[in-house]
Participant: 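There's a structure below that I have some questions on.
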Number of protein chains: 2
Amino acid sequence: MKATLKMIAQALGVHPSTVSRALSGKPGVSEELRIKIINLAQEMGYLPDSRARSLRQGHTRIIGIVIPDMGNPFFSQAVSAMEKVLFPLGYSFFLCVTEENSEKEKVLLENLVSYKVDGILAAPVDRVKNTKLYKEVQKRGIPVIFFDRRLVTIDTPYAVIDNRGAVVTLIDYLWQKGHRTLGVITLHKESYTGMERLDAVAKRAKELGIKIEAEWIKDGMSTEMGAYKAALEFFKNRRLPTALFVSNNVMALGVLKALKELKVKVPDDISVVTFDDSFWNQIFEPPITCVAQDPEQLGMIAATMMLNRIRYPEKKLEGVVLKTRFIERASVKDLTKARG
Amino acid sequence: MKATLKMIAQALGVHPSTVSRALSGKPGVSEELRIKIINLAQEMGYLPDSRARSLRQGHTRIIGIVIPDMGNPFFSQAVSAMEKVLFPLGYSFFLCVTEENSEKEKVLLENLVSYKVDGILAAPVDRVKNTKLYKEVQKRGIPVIFFDRRLVTIDTPYAVIDNRGAVVTLIDYLWQKGHRTLGVITLHKESYTGMERLDAVAKRAKELGIKIEAEWIKDGMSTEMGAYKAALEFFKNRRLPTALFVSNNVMALGVLKALKELKVKVPDDISVVTFDDSFWNQIFEPPITCVAQDPEQLGMIAATMMLNRIRYPEKKLEGVVLKTRFIERASVKDLTKARG
DNA sequence: AGCATGAACTCAAACGTTTGCGGATCTTGC
DNA sequence: GCAAGATCCGCAAACGTTTGAGTTCATGCT
C-alpha cells in the first residue's frame with residue numbers, strides 16, 4: 001500500500017536513519033546493506049514523503065506561479081516556458097489563478113507561504129494593491145519575481161516588456177501613415193500594463209497631435225467579451241477615428257469578432273493595430289499589424305531570475321525590460337497615398 | 001519573520017496545543033484566552049504550516065492536474081474550469097505538464113504521490129503506457145479521474161467526449177454534401193483521442209464508401225507545427241480529395257496557416273472540417289465547420305467527479321461521455337448543388 | 001461531606017523524514 | 001599487543017502541527 005522508511009527499516013531489522021542514508025546515497029552504510037535496502041525499497045514501491053522531507057530540510061522545491069487568467073495564451077505560454085526551465089532542475093509548480101481579483105490573490109499568496117514554496121513568480125493583479133502582502137511574503141524569505149506586470153510600489157526583481165516603447169512604435173507608425181484620429185480599447189486601468197499602455201497612448205498621441213475623443217476610448221475590461229462589447233459600443237459613434245488601438249491579445253480577439261459581425265472592412269473602413277500578437281492576428285483577413293512580445297522569452301527570463309534569486313539570495317537583481325517586435329501586416333491603410 | 005504555534009504559545013506561557021485549539025476554533029479553551037491568542041497570532045502574522053498540518057491530518061487539499069500541453073487552449077480552459085470548481089472549496093493545484101512524454105508523466109506522477117495530493121485529474125499521454133503507474137497511484141489511495149483522454153486498460157472514472165459520434169457527424173455531413181474523397185491530418189496515434197478519432201474516421205468513411213488514399217493521411221503529431229508541415233506535405237499530392245479532416249484545434253491552426261500561405265481557397269479548392277472549435281475557426285475566412293466540445297464543461301464535470309470520489313471513496317463512479325456540438329459554417333462546399 | 005460532572009489546560013505521541021553525535025566493531029601501523 | 005583511525009550503524013532530536021488522554025480545579029447535586 002504505502003511504504004515508509006520505518007517499515008523498510010523494520011523489515012530489515014535496521015534503523016530508519018540507516019535506510020535514509022542508504023537511499024539518499026549518503027556515506028556511512030556498507031555497500032552490501034545499501035543494495036539490500038535499495039532493492040527492498042524498490043520492491044515495496046517506496047516513495048519518500050516530500051512533506052516530511054521538506055519539513056526537515058527547509059525547502060520544498062515548489063515554485064508558486066500566480067497569473068490572472070489561464071485562458072489567455074500569453075500567460076499559458078509564459079507558464080509553459082517557466083515549466084520548461086524549472087522542471088529539469090527538479091521543481092514542481094503550484095498554480096494560482098487570480099482572475100484579476102485582489103482578494104483572491106491574497107488568499108492564494110497566503111496559501112503559497114503556508115505551503116512554504118521556494119519562490120513565487122507572479123503577474124500581480126493591481127499595480128499597488130497587495131503591496132503589503134507581497135512585502136510580507138518576501139520578509140518571510142520567499143523570493144518573488146514579477147513578470148509581465150509588477151508592483152510599482154516595491155523594489156522587487158521583475159521581467160516586463162517595454163510597454164511605452166512599444167506603444168510609441170505603433171502610434172508613430174499610424175501617424176506616419178497619415179492617421180490623425182484614434183480610438184482605444186483599454187485594459188482595466190488598475191493593472192500595471194493597463195495603466196502603462198493607456199498612459200503611453202495618450203501621451204504620444206498628444207505629442208504628435210493625434211486626436212482621441214473621449215467617446216473613442218472604451219474599456220475592454222481585459223477580457224474578450226468586454227472588448228467585444230466595447231467594440232460594439234465604439235462603432236455606435238457617429239463620427240469615428242481612422243484607426244483603432246486594441247490594448248492586448250484577447251481583447252483583439254473580441255474586437256475582431258465584432259468587426260466580422262458588423263461587417264466592418266479593415267483597413268478600408270477603419271485601420272486596426274493591436275498590442276500583442278496571437279494566432280488570430282495572422283489568421284484574420286486582413287492580418288493585423290501589431291507589436292509582439294514573446295511570452296516564452298518572458299517566462300524563461302523570469303524563471304532564470306528566480307533560479308538566481310534562490311541560489312544567490314543576497315545578490316541584487318536588476319529588473320529586465322524586454323523589447324517588443326513590430327510586425328507590419330495589412331490592417332493599416334496608408335492615408336497619405338490614398339489622398340495623393 | 002516567521003511565527004509558529006510554539007512561539008505564540010511561549011509568548012503567552014501556554015502550551016502549543018492550546019494555541020492550536022484556539023486558532024482552529026475547537027472547544028476546550030476559555031473565550032478570554034482564545035481572543036488573546038487570536039490577537040497575538042494576527043499580530044505576529046501567523047500562518048499555519050500546511051506541510052506539518054497535512055502530515056498530521058492525512059490530507060493535503062491539493063489536487064494534481066496532469067495535462068499534455070499548456071499552450072493548447074482546450075486544456076488551459078479545462079484547467080481553468082476545474083480551478084473554478086475546486087478553489088472555492090479550499091483546494092490548491094499542482095500543475096503537471098507532460099508534453100506528450102510518458103517518461104515525464106511518470107516522474108510527474110511520482111512527484112504527486114510524493115507530495116501526497118488528495119487527488120489527480122489527468123489527461124494521460126498514452127492510451128496504455130503507464131497503466132501500472134496509474135494503478136499503483138490508486139492503490140495508494142489517491143483517487144484518479146481521467147478527462148479528455150483515458151487509459152483503456154484500467155477501470156477508472158473518466159470524463160471524455162463522444163469522439164466516435166462526433167466523427168460520424170462530420171463524415172456524414174461531408175457525405176451528404178457530396179464528398180466521396182477525404183484527407184486526414186491525424187493526432188499522434190498513441191494517444192487515446194488520436195486512436196479513437198482516426199479509427200472512427202476510417203471506419204465511417206469505409207461504411208459510406210468515401211475514399212481515403214494512403215498519401216492523403218498525414219501525421220500532424222498533435223502540434224501546430226506538425227500539422228503545418230503535414231498540410232504542406234499533403235498539398236504536394238497530385239491528386240487531392242475534395243475534403244480535409246483535421247483532428248484537433250491546434251492542428252487546425254497549423255493547417256489554416258498553411259492554407260493561407262499556399263493561397264488555397266476554402267471551400268472552392270478544398271473543403272475543411274475540424275475536430276474542436278477554437279477562436280481561429282470563427283475568425284478565419286471562411287469560418288470553419290467543426291464539431292465543438294466544451295472544455296469548460298469537461299473540466300467542471302471532471303472536477304465534480306473528483307469531489308464525489310474524495311467524499312464517497314467507496315461509491316462506484318460511472319464514466320461520463322459528453323456529446324459534442326456540430327457547428328456548420330462556410331468551409332464545406334456543397335458538391336451536389338455545384339454539379340446540379 | 002462525598003462524588004460525579006465538566007471546563008480549561010497540559011502532556012506526549014504521532015505524522016515521515018533528516019542529521020549530528022556517539023558507540024561499537026574492525027582495520028591498520030608500529 | 002595496543003592506540004589510532006576508519007567504518008558502519010543506532011539513538012534521539014528536530015521540523016510544525018494535531019489530538020487522545022490525563023491533570024487540575026471549581027462547581028453542582030444529593
Participant: Round to the nearest Å and state the distance from A:Gln10 atom CD to D:dG10 atom C1'.
Facilitator: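 Taking atom C1' of D:dG10 as the reference, CD of A:Gln10 is at 15 Å.
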Participant: Between A:Leu33 (CG) and C:dC26 (C1'), how many Å, whole number?
Facilitator: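 Spelled out: CG on A:Leu33 to C1' on C:dC26 is 16 Å.
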Participant: Output all residues satisfying ring pair (Phe, Tyr, Trp, His ring centres under 6.0 Å) with B:Phe94, sequence neighbours left out; order by chain, then residue number.
Facilitator: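 If we apply the ring pair (Phe, Tyr, Trp, His ring centres under 6.0 Å) test to B:Phe94, skipping adjacent residues, the hits are A:Phe94, B:Tyr115.
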Participant: How many Å lie between CD on B:Glu31 and P on C:dA7, as a whole number?
Facilitator: 13 Å
Participant: Passes side-chain contact (heavy atoms from CB on, under 4.5 Å), B:Met82 versus B:Leu121? Steps please.
Facilitator: CA-CA 9 Å; B:Met82 294 170 179; B:Leu121 287 159; 3.7 Å; yes
Participant: Atom OG of A:Ser30 and atom CD1 of A:Ile37: how far apart are they, to the nearest 0.5 Å?
Facilitator: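 Output value for this atom pair is 8.0 Å.
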Participant: Looking at residues at least two apart in the chain, or sitting in another chain, which of them share a ring pair (Phe, Tyr, Trp, His ring centres under 6.0 Å) with B:Tyr158?
Facilitator: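 For B:Tyr158 there are no ring pair (Phe, Tyr, Trp, His ring centres under 6.0 Å) partners, ignoring immediate neighbours.
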Participant: Report the distance from atom CG of B:Leu12 to atom C1' of C:dC9, rounded to the nearest whole Å.
Facilitator: 14 Å
Participant: Side-chain donor-acceptor pair under 3.5 Å between A:Glu100 and A:Ser191, yes or no?
Facilitator: no
Participant: Indicate yes or no: does B:Lys104 engage B:Glu110 in a salt bridge with an N to O separation below 4.0 Å.
Facilitator: no
Participant: Are any protein N/O atoms closer than 3.5 Å to N/O atoms in nucleotides 16-20 of chain C? If there are, list each pair with its distance.
Facilitator:
{"from": "C:dG16", "atom 1": "N2", "to": "A:Ala52", "atom 2": "O", "distance (Å)": "3.3"}
{"from": "C:dT17", "atom 1": "OP1", "to": "A:Tyr46", "atom 2": "OH", "distance (Å)": "3.0"}
{"from": "C:dT17", "atom 1": "OP1", "to": "A:Asp49", "atom 2": "N", "distance (Å)": "3.4"}
{"from": "C:dT17", "atom 1": "OP2", "to": "A:Leu5", "atom 2": "N", "distance (Å)": "2.8"}
{"from": "C:dT17", "atom 1": "O5'", "to": "A:Tyr46", "atom 2": "OH", "distance (Å)": "3.0"}
{"from": "C:dT18", "atom 1": "OP1", "to": "A:Arg53", "atom 2": "NE", "distance (Å)": "2.8"}
{"from": "C:dT18", "atom 1": "OP1", "to": "A:Arg53", "atom 2": "NH2", "distance (Å)": "3.1"}
{"from": "C:dT18", "atom 1": "OP2", "to": "A:Ser20", "atom 2": "OG", "distance (Å)": "2.5"}
{"from": "C:dT18", "atom 1": "O2", "to": "A:Arg56", "atom 2": "NH1", "distance (Å)": "2.3"}
{"from": "C:dT19", "atom 1": "OP2", "to": "A:Lys26", "atom 2": "NZ", "distance (Å)": "2.7"}
{"from": "C:dG20", "atom 1": "O6", "to": "A:Arg21", "atom 2": "NH2", "distance (Å)": "3.0"}

